[in-house]
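One structure is given here, and the rest of the page talks about it.
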Amino acid sequence: MNDNSFSPIGVFDSGFGGLSILRDIRRHLPQYDYIFLGDNARAPYGVRSFQLVYEFTLEAVKYLFAQGCPLVILACNTASAKALRNIQQRDLPLMDASRRVLGVIRPTVEAVEPITHTGHIGVFGTPGTIQSRSYEIEINKLHPEYKVFGHACPMWVPLVENREFDSPGADYFVRKDIDALLAQDSDIDTVILGCTHYPFLVHKIKEYLPSHIKLISQGNIVAESLDDYLHRHSEMAARLSTNGSCRYLTTEDAERFSHTASIFTGEKVTATHVTI
Ligand code: DGL
């Protein structure tokens, strides 16, 4: 489908995690049309090489452009950490300089300052995001004095992708990873959930995180930042169609995606299988 009256915002993730971002974006900006694309067939991205994450993400962006999206949000920290800069600086000018691809790390980092008192920040993320040190680099650009402690949680995405986020098995890994992060530094007072899958584990995370530590979850932050972006870029806002629709695409089995996405979003999702 690519007609001029349909110019949706593309929202991309390796899997179900991006639904946590889409949910909040749609709550803030319900008027726009959306296409969500989950590359479930190739998730998780968090354990893959820089080159593969870049290639997969570029394929997804091209696909969403071909569906008519003038703007694509990488609702994925791993893709934002490993692919966004190359796509923005190298590929976009060659593909179509009038389109935009935005990530989730920068707006999250900008939200840290009013929350922390100690300036000691913990970050949970996929192995790829933590190894990239993107959070540390971006936070220290704004606040060189802050100390950033990352911890990779390789089991958290599979727990969500396999709908085990509510199981007793999840408690074991959530507690273990929280203990490992906090063992790095006793002054951490703010923790970033630096993976869009993690909000689906938030009840368990809150159970094991000491109550004086504040948790930064990305959905609202990204939604407010997109709202602000569209106010500042009225030419982009004017290009987007506004029928309030949302389509769901997955590279895996559509029925399985629809079932799980309906649980995560709380509304009936009917997805379509695509090859990208
Ligand atoms: N949801 C993604 C993120 O925010 C990636 C998860 C994965 O595929 O490993 O990092």
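In listed order, ligands and their atoms are each counted from 1. It should be emphasised that the depicted structure is a prediction, and the values quoted were computed from it without experimental measurement.
Aromatic ring pairs are classed by plane angle as parallel below 30°, tilted from 30° to 60° and perpendicular above 60°; the pair Phe264 and Phe16 is perpendicular. Ring geometry, Tyr229 versus His233: the interplanar angle falls under 30°, so the pair is classed parallel (tilted spans 30 to 60°).
Contacts classified as side-chain hydrogen bond (donor to acceptor under 3.5 Å, both in side chains) and involving residues 101-110 (residues at least two apart or in different chains) are given here: Arg106-Glu110, Arg106-Glu138, Thr108-Gln218.
By the neighbour-count criterion of 12 heavy atoms within 6.0 Å, atom NE2 of His203 is sparsely surrounded, having that number or fewer from other residues, nucleotides or ligands.
Residues meeting the salt bridge (charged side-chain N to carboxylate O under 4.0 Å, His left out) test with Arg48, sequence neighbours left out: none. For Asp91, the salt bridge (charged side-chain N to carboxylate O under 4.0 Å, His left out) test picks out no residue, with sequence neighbours left out.
Within 4.0 Å of ligand 1, heavy atoms belong to protein residues Asp13, Ser14, Pro44, Tyr45, Gly46, Cys76, Asn77, Thr78, Thr126, Val157, Cys195, Thr196, His197.
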